[in-house]
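Notes to accompany the following structure.
Ligands are counted one by one from 1 in listed order, and the atoms in each one are counted from 1 as well.
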Amino acid sequence: MQMAGKVCIVTGSNSGIGKETSLELAQMGATLVIVVRNQDKGQKALDEIVSKTGNHSVNLMICDMSSMASVRKFAVEFKKKYHRLDVLINNAGAEFVKRQVTSEGFEQTLAVNYLAPFLLTYELLDLLKASAPSRIINVSSGLAKNGMVDFNNLQNENNYKGMKAYSNAKLMLMMFTYELSKKLQGTGVTINVLMPGFVATNLGKNSGSLSSAVMFALVRPMQISAKKGAETSVYLASSDEVKDITGKCFSKKRETETCSASYNEEVQVRLWNETIQLLGLR
Ligand SMILES: NC(=O)c1ccc[n+]([C@@H]2O[C@H](COP(=O)([O-])OP(=O)(O)OC[C@H]3O[C@@H](n4cnc5c(N)ncnc54)[C@H](OP(=O)(O)O)[C@@H]3O)[C@@H](O)[C@H]2O)c1
């Protein structure tokens, strides 16, 4: 796909996979909105992307994905500034060693990794439909296979474990992708999910645990670079090969099967409905 003139959003774009994805899309000439929670970190990333690519159609917007109010505010502000959206990449993600509850009453891992991308996509759907053909790309994880959807414990109240909560949220993101792809049939909006691989980024470093940070440092030699980790995101955002593909998972730029739990349509529907209720949507 010709990216010049295409408006793209990448969340979590000040570091790791999101920054590399943004660099590539800017290099291809896209009009890019990098979405971050921290102004200073975002400005640094913006300066780097503009100076490396020479693309001045890159803008910075602020959104804290742990706050649904912030997600809603961002969507409103984005729609005031931009009148089309060709590619939405829900990339921001985080793992938290200790259970924390946001001021809105959501467990943080669920909020950042699942509720925020769900809500952001929902709030931008009209614009994506009006801009069709358009694409939604969700960054999940291979760890989704260890996840489960427990409707009695969606907020990870019982026996919280950071990695487990993260795996659950990434599975939910996958199931959201599959469910929404059915609802979007015939609209010209595609939605796919991806697993970036084991990538050397800041993930885990900020989780609040020394052992987690040490563990990540030890496994670093086994990890691929953030640039390599961004390849599938860039491919799904820009390649003509996938322009009509929707409701699939990709790894290393290829379609791949995901765990059997992710394909349970009954759970997909129930998860959709419960999420709509949790977020107070219609
Ligand atoms: N690295 C891997 O091996 C791996 C494997 C599978 C999946 N993934 C997924 O890949 C995506 C990118 O992660 P990464 O590996 O590139 O890690 P990263 O370098 O830590 O980047 C994560 C990005 O998400 C942002 N973020 C975190 N919490 C946020 C919040 N509350 N509001 C807004 N932005 C927030 C971070 O911002 P700050 O800098 O401000 O924290 C950062 O820009 C994530 O969804 C992650 O789960 C990564």
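The ligand atoms of ligand 1 that sit less than 4.0 angstrom from a heavy atom of N91 are 11 (C), 12 (C), 44 (C), 45 (O). Taking every heavy atom of G16 and a limit of under 4.0 angstrom, the matching atoms of ligand 1 come to 16 (O), 19 (O). Counting the atoms of ligand 1 from 1 in the order shown, those under 4.0 Å from a heavy atom of I17 are 10 (O), 15 (O), 16 (O), 48 (C). When each atom of ligand 1 is checked for a heavy atom of Y166 under 4.0 Å away, the hits are 7 (C), 8 (N), 9 (C), 46 (C), 47 (O). Those atoms of ligand 1 that come under 4.0 Å of a heavy atom in M65, given as number and element, are 30 (C), 31 (N), 32 (N), 33 (C). The contact set between ligand 1 and N14, taken as ligand atoms under 4.0 Å from a residue heavy atom, comprises 37 (O), 38 (P), 39 (O), 42 (C), 43 (O). For ligand 1, the atoms lying closer than 4.0 Å to a non-hydrogen atom of P196 are 5 (C), 6 (C), 7 (C), 8 (N). Near D64, meaning under 4.0 Å from any of its heavy atoms, are these atoms of ligand 1: 30 (C), 31 (N), 32 (N).
With a heavy-atom cut-off of 4.0 Å, C63 touches ligand 1 through its backbone alone. Contact annotation for L143 and ligand 1: no heavy atom of the residue comes within less than 4.0 Å of the ligand. Looking at Q223 against ligand 1, nothing comes within 4.0 Å, counting heavy atoms. At a heavy-atom distance under 4.0 Å, only side-chain atoms of K41, from C-beta outward, approach ligand 1.
Residue contacts with ligand 1: G197 is included, with a non-hydrogen atom under 4.0 Å away. Within the structure, the closest approach of A116 to ligand 1 does not fall below 4.0 Å when heavy atoms are considered. N38 does not count as a contact of ligand 1, since none of its heavy atoms falls under 4.0 Å from the ligand. Residue contacts with ligand 1 include V112, since one of its heavy atoms falls under 4.0 Å from the ligand. Between K170 and ligand 1 there is a heavy-atom distance shorter than 4.0 Å.
Not a single donor-acceptor pair under 3.5 Å links the side chain of T232 to the backbone N or O of S251. Using a distance-only test at 3.5 Å, with no hydrogens or angles considered, a donor-acceptor pair links the side chain of E104 to the main chain of A69.
Between G18 and ligand 1, no pair of N/O atoms sits closer than 3.5 Å. Considering backbone and side-chain atoms alike, R37 places an N or O below 3.5 Å from some N or O of ligand 1. Considering backbone and side-chain atoms alike, F198 places every N or O at 3.5 Å or more from each N or O of ligand 1. Not one N or O of N113 is nearer than 3.5 Å to an N or O of ligand 1, by distance alone.
In the candidate list S233, G93, G142, G93 is nearest to atom 27 (C) of ligand 1, counting heavy atoms. Compare V139, I224, T201 by their heavy atoms: the one nearest to atom 14 (P) of ligand 1 is in T201.
A 6.0 Å sphere centred on CZ of R254 holds no more than 12 heavy atoms belonging to other residues, nucleotides or ligands.
The OG atom of S134 lies 4.5 Å from the CG atom of L128; values are rounded to the nearest 0.5 Å. To the nearest 0.5 Å, the span separating CG on L124 from NZ on K129 amounts to 12.0 Å.
Salt-bridge annotation for K81 and E77: absent, with no side-chain N of the basic residue lying under 4.0 Å from a carboxylate O of the acidic one. Between K252 and E231 no salt bridge is recorded (no basic side-chain N to carboxylate O distance below 4.0 Å). We find that R270 and E266 are not joined by a salt bridge, their nearest charged nitrogen and carboxylate oxygen being 4.0 Å or further apart.
Using the six-membered ring where Trp is involved, F74 and F78 have ring planes that are tilted, between 30° and 60° apart. Classification of the F176-W272 ring pair by plane angle, with boundaries at 30° and 60°, yields parallel.
Of the N and O atoms on the side chains of S140 and N138, not one donor lies less than 3.5 Å from an acceptor on the other residue. Judged by distance alone, the side chains of Y82 and T31 never bring a donor and an acceptor atom under 3.5 Å apart. T275 and Y114 are linked by a side-chain donor-acceptor pair at a separation below 3.5 angstrom, with hydrogens and angles left out of the test.
Residues E95 and M163 form a side-chain contact, since some pair of their non-hydrogen atoms from C-beta on lies under 4.5 Å apart.
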